[in-house]
Structures are given as structure tokens and as C-alpha cells.
There are 2 protein chains.
Amino acid sequence: MQVEVINTGTELLLGQVVNTHVGYMGERLLGLGLRISRQSTVPDGVVIKGILTEAIDRSRIILVTGGLGPTPDDLSREMTAECLGLKMTEDAAVIDAISRRFSDSAITMRPSNRRQAMVPEGAEVLENDKGTAPGLYLTAGPDDELVHIFLLPGPPRELYPMFEDQVIPRLHAILGNEGANVPVCRNYFFMGLGESELAGRVEESLNAVPGDFEIGYCLKAGGVIVRCISTGDNACVLGGMIRDASPEDFVAEGEAAIEEVAVKSLVHSGESVATAESCTGGLIASRITNVPGASRIFNVGLVTYSNEEKCSLLGVPLSMIEDSGAVSERVAMAMVEGCLERSGSDHCLSVTGIAGPGGGSETKPVGTVWIGLASRGKKAVAFHYRFKAERLYFKERASSVAIDLLRRRIQGYL
Amino acid sequence: MQVEVINTGTELLLGQVVNTHVGYMGERLLGLGLRISRQSTVPDGVVIKGILTEAIDRSRIILVTGGLGPTPDDLSREMTAECLGLKMTEDAAVIDAISRRFSDSAITMRPSNRRQAMVPEGAEVLENDKGTAPGLYLTAGPDDELVHIFLLPGPPRELYPMFEDQVIPRLHAILGNEGANVPVCRNYFFMGLGESELAGRVEESLNAVPGDFEIGYCLKAGGVIVRCISTGDNACVLGGMIRDASPEDFVAEGEAAIEEVAVKSLVHSGESVATAESCTGGLIASRITNVPGASRIFNVGLVTYSNEEKCSLLGVPLSMIEDSGAVSERVAMAMVEGCLERSGSDHCLSVTGIAGPGGGSETKPVGTVWIGLASRGKKAVAFHYRFKAERLYFKERASSVAIDLLRRRIQGYL
């Protein structure tokens, strides 16, 4: 069944409000086994009529948001009625509900609010107890190809409860599929390998699997999300095979941030971490402390941005910085070893690199970074990377990779 | 001129990624005097062909995002060529650029990446130095009704620079309006007062100004953005009046981050800053080091998350923490004074608070925070706030306010 979403609202096209309705509806509809096949945004006003006419031609379920307010540019009701050739009448119950709302909040009802009680003939009113704009449910076309049209309010706090309480039950009835075998969407987050490399491994791993499933890939948060949509009973099996396509690179099911996974692993193992950051400037410490409960595993982070502070706080010899440069394997190792000793933590991370835009050279171009990792009782190691990215994204990438190294260490892959 | 935006990406319709492209483009297009008349989202795959065919019929400028990646569901190139009846050939320069990108980052190029170098005949390649997917610019139809089609990458960090550097100049050329009297949209960023308070002051200040302009307000980044759309010649005068409505709270024109303004002010005054953070966990240091050139004004940041580290690194007396609690005026002052002494910087910031969700009490609920500020030769001060917000937004708010206190100090308002 083709599902189409139409969002009306000039503010959505001017960049003043981000459209979060589509994602919300997409997620909820998937739970019913429905997928949005097309979503459109049009400005306020009469244009809704044209796009609704098109949509009725190609879709069976149409969800319209916005244009139910009291101002002159709110025309979803009127244009839908015109489009379907329906007369409008004032609905006494709706007038009552609106007047009650106004008297409850001691605001005077304005004549324009009466427009919100106009209902096309044959439409069902969807009550709105969060605002003055009721929703509407209409059908069009022949019985065997009935098109279902929902007019819904734009503000999320009015839309979401109406969608949950009044749209979803009606969709269930339309589909007649309560308890049926609806598709399951699962995400698997990997770090440390590219999209095409991972895709190759996943396709290989799923090569021999029969059945109905769909795999998608999406770059996100310095890693790759593998999305698997399947119809229920084989979701777990597929998930296992996807994870096993590259087990050491697998971070988490869902969209958990890498720092969340690392902090949870530390809490689980009862260990702690400290940080010694130069080019990431505190971002690793900040990401670790984004996770509730971080105080159980994190005591101290040292942002040693200048060479002097690398020496005085971490005990890096000045001669080493003069010989090898601050961005070098030796300094990354000395930083992380100094941090381990100073902090008394079980693990330490160090980062030294060139975030740019200035500061690069032929041998050490902007984007060069060394990440050190030390753990109590293990030899310190340092890894070299180059992230060609502007400053903020460079910091994001370098901090993600550092936290992922920690994750690999705690999980025994490193 | 009808402008249409088509976003491809199944993830946008499944609720995994929020579509922020529309808003960004809408804002930038307005600066050229253009408005988006319709935006659509369709899933990955062949469906792009149908909607592109429709769009060519009704619009003159078509902006397509997504579907330029290396995986099999990325079909924007191929479908556009089919739609316009164009052959595709491999572009040697693009192959070169992609191979170079892979060899630079020491990742193996896979055969699927070669698809990204296929270019429909007659198309202009829009270089992408942030990723492997080049953009494409094509035209269709008769000369007097030429339709302009831009195929652009989906990831924001690749899309935005390409839009700024390669799409906007081409749109200027298409419109032939360089220097014409298009509407000017300017933003003014304020911190430290509420939206309605600021609106009151701005309206009062602009009360007597005649002429055609439109004022809007938008909460953003812990402050308020005042948006002024006007037609050119009075933009400067209006801007001056808006700034003067609340000069000490005015941060910057545009949407400059508070840390950018603070760092620039420090570079200008030749002074330095250090940080001693507890609940913000390194976020202040990270935001300061987000600004290019931060190394000139920032040497060290101490993330003293545990009480022991507050004592050992900053010299806060343990008895003070035991008497007053770590989240207190006295500890915020001791932290910032210890940091000033230890770091030798000109200014220091300290933050101690309860980020939640746990750790609150009746007298010190979650969201309580003390921010200390010390400057060489001035008495240290500490301010009390309560940010009722979940953990990440609490950190964001607390760090913004701290950096804004520094901005006020450097600018002489504090």
C-alpha cells in the first residue's frame, strides 16, 4: 500500500523549523509494515490542492500535516474539500470543544477560530485535546481502491498524540493486520572500516541466505550503519551474520554512540580511563562524560595544548619534542605513559595531531594524528592516522577513533 | 523561477536521519531571492527517475541530494542520465581524484568506487574535496526554458561546501542578478536574555523606522537569533539598531558561535585563558579549541572530574569540599583561583555542577551549577545557575554561559 506524507508550512522551506514529522511517522509506520514511498513539503496556502490531487492518484494512504490553524494561510481543510468536491459545514461538537478550550485558558475566542470547526461532509473528526485544530479523516474513490486521507495538525505536541491514539488504530483497521508479521528494522553500527569494504563483507556473509530482507548502508558518526529490514522470524539470524561479517569492528546494535559503548564496557569490567589530549582539545573527555555514570570510570582529563604543559603535566621530555616534534609517535607514547603514571587509571588515551587549517608541513600535513593507548601491565602503543577533514570534523574523527581503540582494548581485540 | 528540492535516502523516510538539508538550502536560496516551491523525499533506488521527470516538467531549478555513493542503491547519476536520455562515460579526472583520496588515506579503492566516476555526457563535474562522490550539474530543455539540475552528495559536510562554492555561484549566473536588489537576510546573535525580553527591546528600538523589513526570532545555541529580512540599502542601519537594543548581550552578527567570538577577542587583546572543568567534562576546552588559532590563547585545560583531582591539580582544600560540597561557590572560586595560579594564564574559567540524571539533592537539584571566572589582577567571581535540561543540553548550556562570561570580561562588560 503506497503511503504518502505531505507537510505544509512555509517555515519548513525557509529553514526556520526542521521537519521531524517524517522521521517520526516513518518509524511508527514501519511498525505497521508500511513504508513512506514519498514525502513532500509545500508552502502554506492553496498549493496543497494540487499536490493532494496528485497524491490521490498514486497513493492509498495520505497523511497531511499542517494548515489546520486559524490564520488565512491555513487552507488544508478547504482545499481538501474542494479537491474531493465536498461541501463544508460547521460542526457543533467541534465549536463546543474549541470554545471550552478558550474559556478554560481565559483567552477570548476569535472569529477566525470558527473556521477550525468547518468539516467536509462525510469526514470523521479526530479530536485534539492539545490544541484548537481538530484533525480530519476522509476517504475517496471506489470501495475496492479506497484512498484514506488524514489531515493532521503541524505542531509536534498536537500531532504525536493524535497520530498514536487516532491514526494508528485506524491504520490497523484499514490494513486488517493486527498482530500480523510486520517488518523489523534493525541497525548495526561498525567502526574502523569503509562503507564499501563493509558492504563487501556483509554481502558475502549474507550471500547464501534465502528469504525476504533488505540491506542498506549509511555513513554516520565516524562509522557505518548497516540497516537490515526483514520480516520478523529471521531478524536475529541475519543480525548475527551481519555482526559476524566483521566482529572486531562491530560497535553496537542500534545507534549507540561509541563513547556509550566504551563507558559501559569499562563500568562492566570495573576499570577506569584518563585522557591526555592535544589536538582534540578536551573532546574525548567531554564525550566520555556525556555518558551518565561516567564519574565511576573517569577521574581526570588533561588538555595539554602547549608543549610546556605536555612536559610539566605529563613529563614528556622537552628534548623529545624538539627532536621528533610534538606530533610524533614518541610524543604520543610519552604522553600516554605519563598520563597512566600520573592518573593511576587502568587505561589512558593520548592524542597529538594537526587539526588545521594552519600548522601543517610537507612531512606532517594537516590531518596527521598519532593516538596513543596505554593500559596497566601492557606495553603502550601508538597508531598513526590522517583525517583529511576540516577542523571540527577532524576532532570528531580523531576522538571517535581514539575511543574505539579503547573499546577494542577492553573487549580484547587489541 | 520555480525551485524544487529532491532528497533521496531511505534513511530519511525511516526516521534514522533528520532532513536538515531543506532548511539549510531554503535559507541560502532566500539570500538569492529564491524560495523553494516544493521539496520531496524518496527512497534510495530507481524511484528518483519518476520524480525527476515530474520536476523537470514544473520547475526551473532542481536540487537533488543523495544517491551518489558507491553502493548499489545509489542511483542518482544513472537515473538522471536515463531520464534525460544521456550516455554515461567514465571521467578520467574524477577517477584520478578518487584514487588519490583513497591512497592518501591508505584505504584500498574498491571496484564499486569506479561507478562514482561515471558522468552523463554534457554534465559538468562539481568537485568534492570532502568525499569520493563528485556532484554533477546538467541542463535540459529548450534554451529559453532551460531546466538546471544539480546532483549533490547527501552527507552535510560534503554538501554544504559544494553548495556554497559551486552551486551558489552558478545560481547567481543563471539568475543574472549579481549585485541586484535581492532581499538581504541578516542574523544577530544575543546571549543572556530571553526571547520576549529581547523582542520587546528590539521592537522599541525599531519602532520609528519606516520601510520594508521583516523581523523574526529564533532560540538557538543557548541564545536568541534576531533575523532581519530587508531589501538592501537599509540593512546596515537596521542592524545597528538591533545591536544597540541590548549591546552587552550582543554576541555577533551571523551565527558565529560564542567560542569564536571569545577566542577572537582574546587574540585581539593578546591574552590567554585556561579552564578547570568538572561537570562540563572538557566541553569548554573542546569548544575553545574548535576555533582555528586557539593555540595562541589556550595552553591548558584541566578536567578535574573527581574530588581528589580537584585537590591535587587545582589545590582545592579537601576540607572545603567536605564542608561545602564540590558543587558550591567556594569550590568554584578555589578551582578558578588554583587554575589561574597553576596555568599562568590571564583568565580562567571553572565549572562545577550536577549534570544528572543522578546526583541531585533537595538543596542542590540536578541542573545546579557554579561558574567561576578569574582574571589576573581582578578579584575572582562565581555565579550560580540552574539549567533544567537533560545531561548533554545541560553541558552545552553551562559551557555557553561560561564562555559568554569570558566574552563579557574581555569586552569590559564584567
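Remember, it's a predicted structure, so these values are computed and weren't measured experimentally. All chains are named by letter (A, B, ...) in the order of the sequence lines, taking the proteins before the strands, and each is independently numbered beginning at 1. Below, all heavy atoms of this structure are taken into account, side chains as well, without hydrogens, waters or symmetry copies.
Heavy atoms closer than 4.5 Å to chain A are found nowhere in A274(B), neither backbone nor side chain. Residue contact with chain A, scored on non-hydrogen atoms closer than 4.5 Å, involves the backbone of V291(B) exclusively. Heavy atoms of V18(B) lying under 4.5 Å from chain A belong exclusively to its side chain. Contacts of E308(B) with chain A are absent, with no heavy-atom separation under 4.5 Å from either backbone or side chain. For P292(B), the parts lying under 4.5 angstrom from a heavy atom of chain A are both the backbone and the side chain. With a 4.5 Å cut-off on non-hydrogen atoms, T304(B) touches chain A through its backbone but not through its side chain.
Residues L12(B) and V22(A) fail the side-chain proximity criterion, which asks for heavy atoms closer than 4.5 Å. Here the side chains of V303(A) and F298(B) are in contact, with some heavy-atom distance below 4.5 Å. Residues Y305(A) and T289(B) meet the side-chain proximity criterion, which asks for heavy atoms closer than 4.5 Å. For the pair V300(B) and L302(A), the minimum side-chain heavy-atom distance is 4.5 Å or more. Side-chain contact check for S40(B) versus Q39(A): every heavy-atom pair is 4.5 Å or farther apart.
The interface of residues 45-53 of chain B with chain A, defined by heavy-atom distances below 4.5 Å, comprises I51(B).
Rounding to the nearest 0.5 Å gives a distance of 5.0 Å between CZ of R227(A) and OG1 of T10(B). Considering CG of N299(A) and CG of N307(B), their distance stands at 10.0 Å, rounded to 0.5 Å. Atom CD1 of I6(A) is separated from atom CZ of R38(B) by 8.5 Å, given to the nearest 0.5 angstrom. We find the CG-CG distance between N290(A) and L283(B) to be 7.5 Å, quoted to the nearest 0.5 Å. The line from CG of N19(A) to OG1 of T41(B) is 7.5 Å long, rounded to the nearest 0.5 Å. Distance check: N113(B) CG to S196(A) OG gives 4.5 Å after rounding to the nearest 0.5 Å.
Across R287(A), K395(A), E277(A), a single residue satisfies side chain to side chain donor-acceptor pair (under 3.5 Å) together with S286(B), and that is K395(A).
Counting heavy-atom pairs under 4.5 Å between each of K310(B), R35(B), E27(B), R342(B) and chain A puts R342(B) at the top. Among the candidates E11(A), E197(A), E390(A), the residue making the largest number of heavy-atom pairs closer than 4.5 Å to chain B is E197(A). Ranked by heavy-atom pairs under 4.5 Å with chain B, the first of G281(A), C185(A), S278(A) is G281(A). When each of T20(A), N187(A), L30(A) is checked for heavy-atom pairs under 4.5 Å with chain B, N187(A) comes out on top. For the options Y217(A), Y393(A), Y385(A), heavy-atom pairs under 4.5 Å to chain B are most numerous at Y393(A). Per-residue heavy-atom pair counts under 4.5 Å with chain B were compared for G358(A), G26(A), C218(A), and the maximum is reached by G26(A). Among S37(B), G9(B), S399(B), the residue making the largest number of heavy-atom pairs under 4.5 Å with chain A is S37(B). Between chain A and the options G301(B), G131(B), G23(B), G356(B), the largest number of non-hydrogen pairs under 4.5 Å is found for G301(B).
For E396(A) and R157(B), the salt-bridge test fails: no basic side-chain N is under 4.0 Å from an acidic carboxylate O. Between R110(B) and E195(A), none of the side-chain N atoms (NZ, or NE/NH1/NH2) sits under 4.0 Å from a carboxylate O, so this pair counts as no salt bridge.
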Exercise. Side chain to side chain contact (heavy atoms under 4.5 Å, CB included) between L313(B) and L313(A): does it pass, once the steps are laid out?
Worked result: CA-CA 9 Å; L313(B) 274 170; L313(A) 273 171; 3.7 Å; yes
Exercise. Passes salt bridge (Lys or Arg N to Asp or Glu O under 4.0 Å), R58(A) versus E54(B)? Steps please.
Worked result: CA-CA 13 Å; R58(A) 65 184 166 225; E54(B) 290 171 30; 3.7 Å; yes
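Residues passing the salt bridge (Lys or Arg N to Asp or Glu O under 4.0 Å) test with R115(B), sequence neighbours excluded: E78(B).
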